A.B. asks: 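Mind looking over this structure? Questions follow.
All values below were derived from every heavy atom in this structure, side-chain atoms included, with hydrogens, water molecules and symmetry-related copies excluded. Note that this is a predicted model, so its numbers are computed, not measured. This chain uses plain numbering: 1 for the first residue, then up along the sequence.
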Amino acid sequence: MTRRARLHPHVTTVATDDGLVLLDERGGRYWQLNTTAAAILEHLARGSDPRTTAEHLVSRYGIAHEQAESDVRTFLERLRSAGLLDSAPDTDRPTR
């Protein structure tokens, strides 16, 4: 079964000129994502795996592939540790 990065249902998103804001409605904390982090989240939420997402960063920003993979991996780890990702397998439930 495929799993994709999906924000937990208690996380609300708001697009800004500079990226994306994530609001954890359980605790009232929020995170400001820059445009690069917002692009990473968008690709992952659409079902791209971390490697494909990293390849997008390489082509868009001209960074080394190893750096892009590290950035995506670190970003996912931070979202997980903050409790912002839903760990349930994909269903017909839409992502936010």
A.B. asks: Are the side chains of Leu7 and Thr13 in contact, using a 4.5 Å heavy-atom criterion?
C.D. replies: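 Result yes, sub-4.5 Å side-chain heavy-atom pair found.
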A.B. asks: How long is the gap from CG on Leu84 to NE2 on His8, to the nearest 0.5 Å?
C.D. replies: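 Result: 9.5 Å between the selected atoms.
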A.B. asks: Can you pull out every salt bridge (Lys or Arg N to Asp or Glu O under 4.0 Å) where at least one residue sits in residues 11-21? Sequence neighbours excluded, please.
C.D. replies: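 Listed by first then second residue: nothing to list.
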A.B. asks: Which atom pair, heavy atoms only, marks the closest approach of Leu20 to Leu22?
C.D. replies: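 Between these two residues, the closest heavy atoms are CD2-CD2, 4.0 Å.
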A.B. asks: Return the minimal non-hydrogen interatomic distance between Thr36 and Leu57, and the atom names on each side.
C.D. replies: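 The pair with the smallest heavy-atom distance is CG2-CD2, 4.0 Å.
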A.B. asks: Identify the two heavy atoms, one from Arg60 and one from Ala39, that lie closest to each other, and give their separation to 0.1 Å.
C.D. replies: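 Nearest heavy atoms, Arg60 then Ala39: NH1-CB, 3.7 Å.
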A.B. asks: Using a 6.0 Å cut-off, check whether atom OH of Tyr30 has over 12 heavy atoms from anything other than its own residue.
C.D. replies: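 Not more than 12 within 6.0 Å, no.
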A.B. asks: Nearest 0.5 Å, what's the CG-CG distance between Leu76 and Leu85?
C.D. replies: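 One finds 6.5 Å between CG of Leu76 and CG of Leu85.
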A.B. asks: Which pairs of donor and acceptor atoms, one on a side chain in residues 66-73, lie under 3.5 Å apart (sequence neighbours left out)?
C.D. replies:
residue, atom, partner, partner atom, Å
Gln67, NE2, Asp71, OD1, 2.6
Glu69, OE2, His65, NE2, 3.1

A.B. asks: For the atom pair CZ (Arg78) and OG1 (Thr74), what is the distance rounded to the nearest 0.5 Å?
C.D. replies: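 So the CZ of Arg78 and the OG1 of Thr74 are separated by 6.0 Å.
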A.B. asks: How many angstroms lie between atom CG of Leu44 and atom CG of Leu79, to the nearest 0.5 angstrom?
C.D. replies: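 That separation rounds to 8.5 Å.
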A.B. asks: Between NE2 of His10 and CG of Asp24, what distance do you get to the nearest 0.5 Å?
C.D. replies: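 Separation between the atoms: 5.0 Å.
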A.B. asks: Quick one, Leu33 and Phe75 - any side-chain contact, counting heavy atoms below 4.5 Å?
C.D. replies: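 A side-chain contact exists here, since the closest heavy-atom pair is under 4.5 Å.
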A.B. asks: Do you know the tightest heavy-atom contact between Thr53 and Ser48?
C.D. replies: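 Shortest heavy-atom separation between Thr53 and Ser48 comes out as OG1-CB, 3.5 Å.
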A.B. asks: Kindly compute the distance separating OG1 (Thr35) from CD (Glu42), expressed to the nearest 0.5 Å.
C.D. replies: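 CD of Glu42 is found 11.5 Å from OG1 of Thr35.
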